[in-house]
2 protein chains.
Amino acid sequence: MSNRVSESEQIVMEVLWQESPLSSQEVVERLAAQDWNEKTVKTFLNRMVKKGVIGYETQGRKYLYSPNIKREDFIEEESNGFLDKVFKGNVKELLATFVQNKQLSKQELNYLKELLDKEQN
Amino acid sequence: MSNRVSESEQIVMEVLWQESPLSSQEVVERLAAQDWNEKTVKTFLNRMVKKGVIGYETQGRKYLYSPNIKREDFIEEESNGFLDKVFKGNVKELLATFVQNKQLSKQELNYLKELLDKEQN
DNA sequence: TTTTAAAGATTACACCTGTAATCATTAAAA
DNA sequence: TTTTAATGATTACAGGTGTAATCTTTAAAA
């Protein structure tokens, strides 16, 4: 079933998460800015269909592609994987690392404090 | 120079970060619990030396291996990569995701609030 | 109607990874 | 001293990944 999405494949997914369905041509256009060759994009679309992470409907002789995975679900899986792999599952440590290593604006800090308060229940 | 550390290589790194220098035999012992074959461990040590992510001193005819990368540095790089890849650099979103998806204890929530207060300066 | 061009399918290919097995050297055991 | 066993080096090999080029079919253009 739903196979792994590689790093580059994720870039294609992002395009489709932003808008779908899209023809291969449209995906190619949106990725041209990031220097993706047309052939490469087509290869990826093919592979990703085989993997089952995207699907398509036909429109004449072209395909219109859409994600088969919800972005939130993907993010959640990636996040859990990362948490386990790098922080051995210790969320506190993860959060502390990001809070300390990144400059956060007052707004962001306040927003996060509110979030923590909401969690308090 | 300092090449990429793969997912499995990271497991070997963790062993050496925990204690080093270690002979290959010692690394093998510590990974046996996780079902790593001795040959596999040796292969990894070799590759990682070639990549430059670990080094060794000789002791008689054996090698004593040590990390060439600090764990904190590694964690920071991985964290930044993950942040960019999955959250497009948006720390706030990342933090919100983890805060909301993970059950945090009162203690953890308080600890984090303190952290945010400290950052307030 | 013949030529061309676009779409998707197939093939290519090198490098990385995970997972070992085999080889060569040499210290230790018999 | 000959055999054995441990150590690191080399070789193997399939599957994944990034990056395309070529092939086939068919709609559109000339």
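Nothing here was measured: the structure is a model prediction, and the numbers come from that model. No hydrogens, no waters, no symmetry mates; every other heavy atom, side chains included, goes into these values. So that the names make sense, note that chain A is the first sequence line, chain B the second, and so on, each numbered from 1.
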In whole Å, what is the span from the [atom1] atom of [X] to the [atom2] atom of [N]?
| X | N | atom1 | atom2 | value |
| --- | --- | --- | --- | --- |
| A:Q10 | D:dT17 | CD | P | 13 Å |
| A:L64 | C:dA7 | CG | P | 11 Å |
| B:I54 | D:dG8 | CD1 | P | 11 Å |
| A:D35 | D:dG18 | CG | C1' | 14 Å |
| A:Y63 | C:dA7 | OH | P | 13 Å |
| B:K50 | D:dG8 | NZ | P | 14 Å |
| B:E38 | D:dG8 | CD | P | 10 Å |
| A:K42 | D:dT22 | NZ | P | 15 Å |

Checking A:Q25 now: which residues fulfil side chain to side chain donor-acceptor pair (under 3.5 Å) with it, not counting sequence neighbours?
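A:Q25 satisfies side chain to side chain donor-acceptor pair (under 3.5 Å) with no other residue.
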List for me each residue that meets side chain to side chain donor-acceptor pair (under 3.5 Å) alongside B:Q100, sequence neighbours excluded, and say none if there are none.
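Residues passing side chain to side chain donor-acceptor pair (under 3.5 Å) with B:Q100: none at all.
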At less than 4.0 Å, is any side-chain N or O atom of A:Y56 found next to OP1 or OP2 of C:dG8? Yes or no.
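No, outside the criterion.
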Can you see if the side chain of B:N46 gets near the phosphate of D:dG8 - specifically, an N or O under 4.0 Å from OP1 or OP2?
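B:N46 to D:dG8 OP1/OP2: no side-chain N or O under 4.0 Å.
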Check side-chain contact (heavy atoms from CB on, under 4.5 Å) between A:E76 and all other residues, then give those that pass, not counting sequence neighbours.
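A:N80, B:N101.
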With A:S66 via side-chain contact (heavy atoms from CB on, under 4.5 Å) - residues at least two apart:
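Result, side-chain contact (heavy atoms from CB on, under 4.5 Å) vs A:S66: A:S20, A:P21.
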Strictly below 4.0 Å, heavy-atom distances to any atom of DNA chain D: list the hits from residues 12-31 of chain B, or just say none.
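Under 4.0 Å from DNA chain D: B:S24, B:Q25.
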Does the [X] side chain pair with the main chain of [Y], one donor and one acceptor, at a distance under 3.5 Å?
| X | Y | result |
| --- | --- | --- |
| B:N68 | B:I54 | yes |
| B:E26 | B:S23 | yes |
| A:W17 | A:I69 | yes |
| A:Q10 | B:K85 | yes |

Not counting sequence neighbours, which residues clear salt bridge (charged side-chain N to carboxylate O under 4.0 Å, His left out) with [X]? List them please.
| X | answer |
| --- | --- |
| B:R61 | none |
| A:E14 | A:R71, B:K88 |
| B:R47 | none |

Classify every nucleotide of nucleotides 22-30 of chain C by which part a protein heavy atom approaches to under 4.0 Å, writing B for the base, S for the sugar-phosphate alone and - for neither, in 5'-to-3' order.
B---BS---
Tell me, for nucleotides 14-19 of chain C in 5' to 3' order, what letter each nucleotide earns: B for a base near a protein heavy atom under 4.0 Å, S for only sugar-phosphate near one, - for neither?
---BBB
Bend angle of the helix from C:dT1-D:dA30 to C:dA30-D:dT1 from five-pair axes at both ends, rounded to 10°?
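Here the helix ends are tilted 30° relative to one another.
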B:L64 and B:L45: same hydrophobic cluster, using ILVMFWY side-chain contacts below 4.5 Å?
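Cluster IDs for B:L64 and B:L45 differ.
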Partners passing ring-ring contact (aromatic ring centres under 6.0 Å, His included) against A:F82 (at least two apart in sequence or in another chain):
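Residues passing ring-ring contact (aromatic ring centres under 6.0 Å, His included) with A:F82: A:F87, B:F82.
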Would B:K118 and B:E114 satisfy salt bridge (charged side-chain N to carboxylate O under 4.0 Å, His left out), going step by step from the backbone distance to the final call?
CA-CA 6 Å; B:K118 263 185 222 138; B:E114 278 171 38; 5.2 Å; no
